[in-house]
Amino acid sequence: MTEVTREVFGHMPREEGGGEVEKFTLRSGSVKVEILSLGCIIAALETRGRDGVFSDVVLGFDTLEGYTRKHPFFGAVVGRVANRIAKGRFTVDGKDYQLFLNNGPNSLHGGARGFDKVLWSPQVLPNGVCFFRLSPDGEEGYPGDLQVWVTYTLNGEELAINYRAQTSKTTPINLTNHAYFNLAGQGSQDIYDHEISIEADSYLPVDNTKIPTGEVATVQGTGFDLRQPVELGKHLQKFGLDGFDHNFCLQQEQARHLAARAHHAPTGRTMEVHTTQPGIQFYTGNNLDGSLKGKGGVVYPRHSAFCLETQNWPDAVNKPHFPNTLLHPGEEYNHTTWLVFNTA
């Protein structure tokens with residue numbers, strides 16, 4: 001059985017429209033997750049270690065104020081298009097669109113005020129919560145009224161996140177959750193003792209602004225071959241890598257498939273990521289710099305968390321040979337990601 005409770009978490013600043021932010025707690029025998037109506041943010045996620053002790057394994061803030069200030073998308077749903085669009089430009093049905101540039105020369109995670117920074121309308125379910133919003137035509141430069149539903153459900157040790165959307169005009173869409181994980185417990189210094197594996201035979205090399213070059217490269221014989229578990233710290237050292245911020249190419253089928261697995265041997269905590277998406281962005285918190293004070297007053301230095309963001313491939317709207325990212329009127333965007341927590 002999953003228990004679902006709700007409470008007021010705070011109120012948005014007046015200059016951002018005010019509005020009440022609620023926190024929803026989903027609790028099973030093995031997982032407890034707290035989700036905000038602001039940005040559908042996963043604010044806390046507690047799982048058991050081998051010793052039976054629960055720890056919060058996601059980065060974030062104790063109060064709403066932390067989330068209303070600038071932060072690197074902790075726990076949030078990002079959209080209308082997650083990841084990067086080159087030069088913030090694309091063409092749909094012969095019409096050119098220009099987005100706000102918020103990541104060097106590119107547009108990142110939906111623009112200046114993406115899905116992570118807005119209030120969503122919640123509906124409590126027996127085992128979770130569904131959030132809805134209408135992203136109006138022209139919001140952040142994107143075409144079409146887009147209705148979006150993000151549903152979190154918890155069953156035992158499995159947290160499912162389902163994304164659905166319908167549009168009035170053809171639009172690119174790519175939705176993901178940007179939770180930062182540390183299976184040793186949030187606030188732990190680094191993730192070097194984590195073992196990571198990713199079910200991908202290929203990855204997307206990027207230019208110096210993190211835009212895919214267009215090449216779909218084999219992982220074979222490179223530092224991107226994570227098909228067998230690697231201990232992260234030793235692996236980065238071995239291949240002289242500063243960290244990962246890359247899309248790994250998964251099976252292109254709508255059925256559920258295993259995408260990645262993270263294991264923390266000292267605590268026994270394991271997280272599996274399953275998804276219907278064709279890609280997963282593996283990010284090792286390279287831009288965390290210790291300047292943000294998180295939960296319990298801890299700081300988050302470089303490489304103190306990782307993200308496994310299930311999604312379409314970056315800049316797919318400008319790369320015809322990448323998986324389709326356009327949603328047409330009359331169609332439904334529908335993807336699910338499952339996070340499965342256990343101990344080994």
Between D207 and T213, is any side-chain donor less than 3.5 angstrom from a side-chain acceptor? no
Report, as yes or no, whether the 6.0 Å neighbourhood of atom CD on E331 holds more than 12 heavy atoms from other residues, nucleotides or ligands. yes
Determine whether a donor-acceptor pair (N or O, by modelled atom type, separation under 3.5 Å) exists between the side chain of Y333 and the backbone of L175. yes
Counting only heavy atoms not in E65 (residues, nucleotides, ligands), do more than 12 fall under 6.0 Å from its CD? no
Has the side chain of Q220 got a donor or acceptor atom that lies under 3.5 Å from a matching backbone atom of T218? no
Between H303 and N286, is any side-chain donor less than 3.5 angstrom from a side-chain acceptor? yes
Pair Q98, K87 - check side-chain contact (heavy atoms from CB on, under 4.5 Å), show working. CA-CA 8 Å; Q98 178 65 58; K87 299 183 174 59; 5.7 Å; no
Between OG1 on residue T343 and CZ on residue R269, distance to nearest 0.5 Å: 9.0 Å
Donor-acceptor contact present, side-chain D116 to main-chain V78, <3.5 Å: no
Got F54 and K32 here, is their nearest side-chain heavy-atom distance under 4.5 Å? no
Could you tell me whether the side chain of S107 and the main chain of F100 form a donor-acceptor pair under 3.5 Å? yes
Is a salt bridge present between R113 and E140, judged by a nitrogen-to-oxygen distance below 4.0 Å? no
Could you tell me if the side chain of T337 sits less than 4.5 Å from the side chain of H274, heavy atoms only? no
Any heavy-atom pair between the side chains of P72 and N287 that's under 4.5 Å? no
Decide yes or no on ring-ring contact (aromatic ring centres under 6.0 Å, His included) for H246 and F248, but give the supporting numbers first. CA-CA 6 Å; H246 295 79; F248 287 76; 7.1 Å; no
Examine distances only and state if a side-chain atom of D62 and a backbone atom of G296 form a donor-acceptor pair shorter than 3.5 Å. yes
Does the ring-ring contact (aromatic ring centres under 6.0 Å, His included) test come out yes or no for F115 and F131, once each step is laid out? CA-CA 11 Å; F115 289 4; F131 297 99; over 10 Å; no
Donor-acceptor under 3.5 Å (H178 side chain, C307 main chain): no
Sub-4.5 Å side-chain heavy-atom contact between L26 and Y152: yes
Nearest 0.5 Å please: distance from the CG atom of N334 over to the CD atom of Q166. 9.5 Å
Could you walk me through whether L38 and F9 pass side-chain contact (heavy atoms from CB on, under 4.5 Å), step by step? CA-CA 10 Å; L38 170 66; F9 187 67; over 6 Å; no
Check the hydrophobic clustering (I, L, V, M, F, W, Y; side-chain heavy atoms under 4.5 Å; chains of links allowed) and say if L36 and L119 are grouped together. yes
Shortest non-hydrogen contact between N162 and H335, atoms and distance: ND2-O, 3.3 Å
Student check: side-chain heavy atoms of E22 and P122 closer than 4.5 Å: yes
Rounded distance [0.5 Å steps], CD1 in I198 versus CG in L258: 10.5 Å
Tested for ring-ring contact (aromatic ring centres under 6.0 Å, His included) against F74, the lone hit among F181, Y67, F61 is F61
Verify same cluster id: V31, V57 (apolar side-chain graph, 4.5 Å): yes
So which atom in P205 and which in E215 form the shortest heavy-atom distance, rounded to 0.1 Å? CD-O, 3.2 Å
Aromatic rings Y283 and Y180: how do their planes relate, parallel, tilted or perpendicular, breaks at 30° and 60°? perpendicular
So CG of L159 and CH2 of W338: to nearest 0.5 Å the spacing works out to 12.0 Å
Look at atom CD of E16 and say whether more than 12 heavy atoms of other residues, nucleotides or ligands are closer to it than 6.0 Å. yes
Taking atom types as modelled, find out whether Q277 and N312 have a side-chain donor-acceptor pair closer than 3.5 angstrom. no
Atom of A260, atom of I280 and distance for their closest heavy-atom approach: CB-CD1, 4.0 Å
Are any side-chain N or O atoms of D193 and backbone N or O atoms of H264, one a donor and one an acceptor, separated by less than 3.5 Å? no
Where do S28 and T2 come nearest, in terms of heavy atoms and distance? CB-OG1, 4.5 Å
Interatomic distance, CG@D190 vs CG@L288, rounded to 0.5 Å, equals 12.0 Å
Is there a side-chain contact (heavy atoms from CB on, under 4.5 Å) between V298 and Q186? Walk through the geometry before answering. CA-CA 9 Å; V298 299; Q186 72 88 29; 3.7 Å; yes
Is W313 reachable from V206 through a run of hydrophobic residues whose side-chain heavy atoms are each under 4.5 Å from the next? no
Backbone N/O of V4 and side chain of R27: donor-acceptor pair under 3.5 Å: no
Please report the closest heavy-atom contact between R89 and N318, naming both atoms and the distance. O-ND2, 2.8 Å
Could you tell me whether E46 and K295 have a side-chain N and a carboxylate O separated by less than 4.0 Å? no
Closest non-hydrogen contact found for P143 with R80 is O-NH1, 2.6 Å
Which is it for Y163 and V148 under the side-chain contact (heavy atoms from CB on, under 4.5 Å) test, yes or no, and what are the steps along the way? CA-CA 7 Å; Y163 307 89; V148 192; over 6 Å; no
Indicate every side-chain donor-acceptor pair of residues 319-330 with a distance under 3.5 Å to a residue at least two apart or in another chain.
residue: K319; atom: NZ; partner: P212; partner atom: O; Å: 3.3
residue: K319; atom: NZ; partner: D315; partner atom: OD2; Å: 2.6
residue: H321; atom: NE2; partner: G214; partner atom: O; Å: 2.7
residue: N324; atom: OD1; partner: L326; partner atom: N; Å: 3.0
residue: N324; atom: ND2; partner: L326; partner atom: O; Å: 3.1
residue: T325; atom: OG1; partner: I173; partner atom: O; Å: 2.9
residue: H328; atom: ND1; partner: T170; partner atom: OG1; Å: 3.1

Could you tell me whether R227 and D201 have a side-chain N and a carboxylate O separated by less than 4.0 Å? yes
Side-chain touch N83/N247, heavy atoms, less than 4.5 angstrom: no
In Y203, F282, F239, the residue satisfying ring-ring contact (aromatic ring centres under 6.0 Å, His included) with F244 is F282
For N103, run the side-chain hydrogen bond (donor to acceptor under 3.5 Å, both in side chains) check against R84, K210, H109 and tell me which one passes. R84
Can you tell me how far the CZ atom of R261 sits from the CE atom of M271, to the nearest 0.5 Å? 11.0 Å
Is there a donor-acceptor contact under 3.5 Å from the side chain of R133 to the main chain of G39? no
For E253, does the CD atom have more than 12 heavy-atom neighbours from other residues, nucleotides or ligands under 6.0 Å away? yes
Would the distance check show the side chain of S168 and the main-chain N or O of D145 forming a donor-acceptor pair, the cut-off being under 3.5 Å? yes
Find out if a path of hydrophobic residues (ILVMFWY) with successive side-chain heavy-atom gaps under 4.5 Å connects V273 to L183. yes
Determine, using the 4.5 Å side-chain heavy-atom cutoff (strictly less than), whether I35 and F341 are members of one ILVMFWY cluster. yes
Could you tell me whether the side chain of S55 reaches within less than 4.5 Å of the side chain of T267, counting heavy atoms only? no
